[in-house]
Visitor: 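Attaching a single structure in structure tokens format; questions to follow.
Below, chains carry the letters A, B, ... as their sequence lines are ordered, and counting in each starts from 1.
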Number of protein chains: 2
Amino acid sequence: MRNTIQRQLVLDAVRELKDHPTADEVYQHIASTNPSVSRATVYRNLKQLSESGEIKLRRISGSAERYDHIQTNHYHARCIKCGAICDLELPYLDHLEESVRDNSGFKLFGHDLTFYGLCKECAAKAEEKTEGKKQ
Amino acid sequence: MRNTIQRQLVLDAVRELKDHPTADEVYQHIASTNPSVSRATVYRNLKQLSESGEIKLRRISGSAERYDHIQTNHYHARCIKCGAICDLELPYLDHLEESVRDNSGFKLFGHDLTFYGLCKECAAKAEEKTEGKKQ
DNA sequence: GTTGATGCAAATGGTTTGCATAAGG
DNA sequence: CCTTATGCAAACCATTTGCATCAAC
């Protein structure tokens with residue numbers, strides 16, 4: 001793996017953006033200062049960096065793939081209305097795989113768990129609407 | 001919701017295919033006997049049928065969306081090599097949302113949980129390879 | 001007859017790939 | 001120098017949408 005400026009830009013962007021950005025968010029961030037960097041390069045580097053373990057790929061159901069500078073396992077919630085993604089505080093279910101009764105012969109390595117619901121803002125708006133109808 | 005032949009074809013296909021098919025698999029199945037039915041109609045009907053509760057939308061991380069004639073909650077495993085999807089026997093974690101310490105203000109409705117690993121066949125192939133290298 | 005559903009094609013969003021060129025080791 | 005990485009455009013996959021037409025009710 002070669003040490004290119006593009007790779008460094010990608011790594012820095014993921015770290016700066018913090019909030020598990022999508023590939024496109026990473027690209028936009030980089031493009032704002034380095035417009036010559038191509039989208040394909042961003043995608044390729046995100047994939048490589050996550051495979052080498054420098055960043056973490058997060059598969060969040062209902063959303064594009066995301067990349068996280070944080071390595072520790074934790075879960076996320078997705079707002080079904082605005083798409084916001086939020087870290088949750090829930091102990092990681094470390095040994096969930098072991099409790100699967102495996103009639104299928106699958107060799108399990110891990111799991112992806114995503115909660116869904118309404119974020120604070122969208123829940124508030126929904127509340128407003130309901131109130132409006134009552135009156 | 002109107003009772004069209006296309007809607008019935010979609011519903012029948014999901015029931016016949018059983019193994020939580022993707023929209024495209026449903027389309028291919030229908031197209032083999034009714035080539036005039038359009039992809040868009042299949043997508044629209046899958047969405048409507050899942051919203052009305054006649055079939056169940058399954059979001060499986062790393063895979064296209066799938067539709068299931070089975071309504072009961074259960075989890076799935078995805079093979080990281082061949083993409084196979086398999087039902088798992090694991091009690092549904094009914095009240096998982098309640099154990100989330102909600103500092104984010106999210107109003108949680110449910111969760112999507114997908115396991116990943118190697119299916120029986122792919123695990124066997126991987127085993128073969130390793131054995132080959134040893135000798 | 002109204003209205004909702006269909007078929008088509010085009011548009012979208014997210015991601016990957018082929019290929020010639022450029023740059024890291 | 002050799003080989004990997006880049007930039008570009010095009011391809012790809014999954015899904016949605018605009019619109020004129022058609023078929024349920």
Side-chain angles (χ1 to χ4, degrees), chain A residues 1-14 17 20-52 54-55 57-68 78 80 82-85 112 114, chain B residues 1-14 17 20-52 54-55 57-68 78 80-83 85 112 114:
Chain A
M1 198 153 81
R2 279 181 187 169
N3 193 12
T4 64
I5 46 172
Q6 288 89 341
R7 174 187 314 300
Q8 194 56 51
L9 284 169
V10 169
L11 188 51
D12 290 349
V14 173
L17 288 169
H20 24 67
T22 61
D24 190 62
E25 286 165 351
V26 172
Y27 169 69
Q28 297 299 342
H29 182 83
I30 293 174
S32 70
T33 53
N34 298 69
S36 66
V37 174
S38 96
R39 204 174 232 100
T41 296
V42 171
Y43 273 91
R44 279 187 284 235
N45 277 305
L46 284 170
K47 178 169 269 194
Q48 277 186 69
L49 288 166
S50 66
E51 281 168 359
S52 76
E54 294 187 69
I55 59 178
L57 165 64
R58 303 242 179 244
R59 294 186 190 280
I60 295 182
S61 102
S63 158
E65 302 199 334
R66 287 162 180 274
Y67 294 90
D68 201 336
R78 173 181 51 91
I80 56 175
C82 73
I85 305 292
D112 294 319
T114 306
Chain B
M1 199 154 77
R2 276 178 190 174
N3 192 12
T4 64
I5 45 172
Q6 289 88 341
R7 174 189 310 296
Q8 194 56 50
L9 284 169
V10 169
L11 189 50
D12 290 349
V14 173
L17 288 170
H20 25 66
T22 62
D24 189 63
E25 286 165 350
V26 172
Y27 169 70
Q28 297 298 341
H29 182 83
I30 293 173
S32 70
T33 53
N34 298 69
S36 67
V37 174
S38 96
R39 204 174 233 99
T41 297
V42 171
Y43 273 92
R44 278 186 285 235
N45 276 305
L46 284 170
K47 178 169 268 194
Q48 277 185 69
L49 287 166
S50 66
E51 282 168 358
S52 77
E54 294 186 70
I55 58 179
L57 166 64
R58 304 241 179 244
R59 294 187 191 277
I60 295 183
S61 101
S63 158
E65 301 200 333
R66 287 162 180 275
Y67 294 90
D68 202 335
R78 172 180 54 89
I80 56 174
K81 204 153 176 220
C82 73
I85 304 292
D112 296 319
T114 306

Visitor: Write down the distance between CG (B:Leu9) and P (D:dA23), rounded to a whole number of angstrom.
Guide: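 It works out to 15 Å between those atoms.
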Visitor: side-chain contact (heavy atoms from CB on, under 4.5 Å) with B:Leu9: which of B:Ile30, B:Thr41, B:Thr4?
Guide: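 Of the listed residues B:Ile30, B:Thr41, B:Thr4, the side-chain contact (heavy atoms from CB on, under 4.5 Å) partner of B:Leu9 is B:Ile30.
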Visitor: Using whole Å, report how far CG of B:Asp24 lies from P of D:dT16.
Guide: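 That distance rounds to 13 Å.
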Visitor: Are B:His29 and B:Pro21 packed together at the side-chain level, in the sense that at least one heavy-atom pair is separated by less than 4.5 angstrom?
Guide: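 Contact flag for B:His29/B:Pro21 side chains = no.
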Visitor: Should A:Arg39 and A:Gln28 count as side-chain neighbours, where that means a heavy-atom distance under 4.5 Å?
Guide: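 Sidechains of A:Gln28 and A:Arg39: in contact.
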Visitor: May I ask you to test the B:Asp24-B:Tyr27 pair for a side-chain heavy-atom distance under 4.5 Å?
Guide: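 Yes; the side chains approach each other to less than 4.5 Å.
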Visitor: Locate the shortest heavy-atom distance separating A:Val42 from A:Ala23; write the atom from each residue and the value.
Guide: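 Closest pair (atom of A:Val42, atom of A:Ala23, distance): CG1-O, 3.9 Å.
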Visitor: Using a cut-off of strictly less than 4.0 Å, decide whether B:Thr4 has a side-chain nitrogen or oxygen near OP1 or OP2 of C:dA5.
Guide: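 For B:Thr4, the contact criterion (side-chain N or O under 4.0 Å from OP1 or OP2 of C:dA5) is not met.
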Visitor: So, does A:Tyr43 get its side chain near the phosphate of C:dT16, meaning an N or O under 4.0 Å from OP1 or OP2?
Guide: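 It does not, given that no N or O in the side chain of A:Tyr43 lies less than 4.0 Å from OP1 or OP2 of C:dT16.
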Visitor: Using whole Å, what does the distance between atom P of nucleotide C:dG4 and atom CZ of B:Arg7 come to?
Guide: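 Rounded to whole Å, this separation is 13 Å.
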Visitor: So what does B:Thr22 touch, heavy atoms closer than 4.0 Å: a base, only the sugar-phosphate, or nothing?
Guide: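 It contacts nothing in the nucleic acid.
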Visitor: Roughly how many Å is it from CZ in A:Arg39 to C1' in C:dT15, rounded to a whole number?
Guide: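 Spelled out: CZ on A:Arg39 to C1' on C:dT15 is 10 Å.
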Visitor: Is the phosphate of D:dT16, meaning OP1 or OP2, less than 4.0 Å from a side-chain N or O of B:Lys47?
Guide: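 Result: yes.
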Visitor: Kindly indicate whether the side chain of A:Gln6, heavy atoms from C-beta on, has any atom under 4.5 Å from the side chain of A:Arg44.
Guide: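 Not touching, per the 4.5 Å side-chain cut-off.
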Visitor: Taking side chain as C-beta onward, heavy atoms only, is A:Met1 less than 4.5 Å from A:Glu54?
Guide: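 Heavy-atom side-chain distance check passes, below 4.5 Å.
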Visitor: At less than 4.0 Å, is any side-chain N or O atom of A:Arg2 found next to OP1 or OP2 of D:dT3? Yes or no.
Guide: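 For D:dT3, OP1/OP2 do not have a side-chain N/O of A:Arg2 under 4.0 Å.
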Visitor: Would you compute the distance between atom CD1 of A:Ile55 and atom CG of A:Leu46 and round it to the nearest 0.5 angstrom?
Guide: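 Those atoms lie 5.0 Å apart.
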Visitor: Using five base pairs at each end, measure the axis-to-axis angle across the helix from C:dG1-D:dC25 to C:dG25-D:dC1 and round it to 10 degrees.
Guide: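 Inter-axis angle at the termini of the helix from C:dG1-D:dC25 to C:dG25-D:dC1: 30°.
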Visitor: Nearest-nucleotide wise, let me know which of A:Met1 and B:Ala40 is further upstream toward the 5' end of DNA chain D.
Guide: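 Of the two residues, A:Met1 wins.
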Visitor: When you measure from every atom of DNA chain C, which of residues 25-33 of chain A have a heavy atom less than 4.0 Å away?
Guide: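 Contacts with DNA chain C under 4.0 Å: none.
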Visitor: Quick check: closest heavy atoms across B:Tyr67 and B:Val14, and the distance to 0.1 Å?
Guide: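 Scanning both residues, the minimum pair turns out to be O-CG1, 3.9 Å.
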Visitor: Within the distance-only criterion (no hydrogens, no angle test), does the side chain of A:Arg78 pair as donor or acceptor with the backbone N or O of A:Thr114 below 3.5 angstrom?
Guide: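 Answer holds: no.
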Visitor: Between D:dA5 atom P and A:Leu46 atom CG, what is the distance in whole Å?
Guide: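 So the two atoms are 14 Å apart, to the nearest Å.
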Visitor: Any side-chain N or O of B:Asn3 less than 4.0 Å from the OP1 or OP2 oxygen of C:dG4?
Guide: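 The answer is no; no side-chain N or O of B:Asn3 sits under 4.0 Å from OP1 or OP2.
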Visitor: I need the CD-P distance between A:Gln8 and C:dG24, as an integer number of Å.
Guide: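 So the CD-P distance, A:Gln8 to C:dG24, works out to 13 Å.
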Visitor: For C:dA23, does OP1 or OP2 lie under 4.0 Å from any side-chain N or O of A:Gln6?
Guide: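 Indeed not, no polar side-chain atom of A:Gln6 lies that close.
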Visitor: Does a side-chain N or O from A:Gln48 land closer than 4.0 Å to OP1 or OP2 of D:dT4, or not?
Guide: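 Answer is no, no contact under 4.0 Å.
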Visitor: Please determine whether salt bridge (charged side-chain N to carboxylate O under 4.0 Å, His left out) holds for the pair A:Glu65 and A:Arg59, giving the CA-CA distance in whole Å, both sets of side-chain angles, and the decisive distance to 0.1 Å.
Guide: CA-CA 5 Å; A:Glu65 302 199 334; A:Arg59 294 186 190 280; 2.6 Å; yes
Visitor: Tell me whether the side-chain N or O atoms of B:Arg44 pair up with the base of C:dG4 as donor and acceptor below 3.5 Å, since no angle test is needed here.
Guide: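 Between C:dG4 and B:Arg44, which were checked side chain against base, a qualifying N/O pair under 3.5 Å is absent.
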Visitor: Looking at residues 59-67 of chain B, who's got a heavy atom less than 4.0 Å off DNA chain C?
Guide: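 When residues 59-67 of chain B is checked for heavy atoms under 4.0 Å from DNA chain C, there are no hits whatsoever.
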Visitor: Looking only at heavy atoms, which two atoms of B:Asp68 and B:His20 are closest? And how far apart?
Guide: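 Scanning both residues completely, I find the closest heavy atoms to be OD2-CD2, 3.7 Å.
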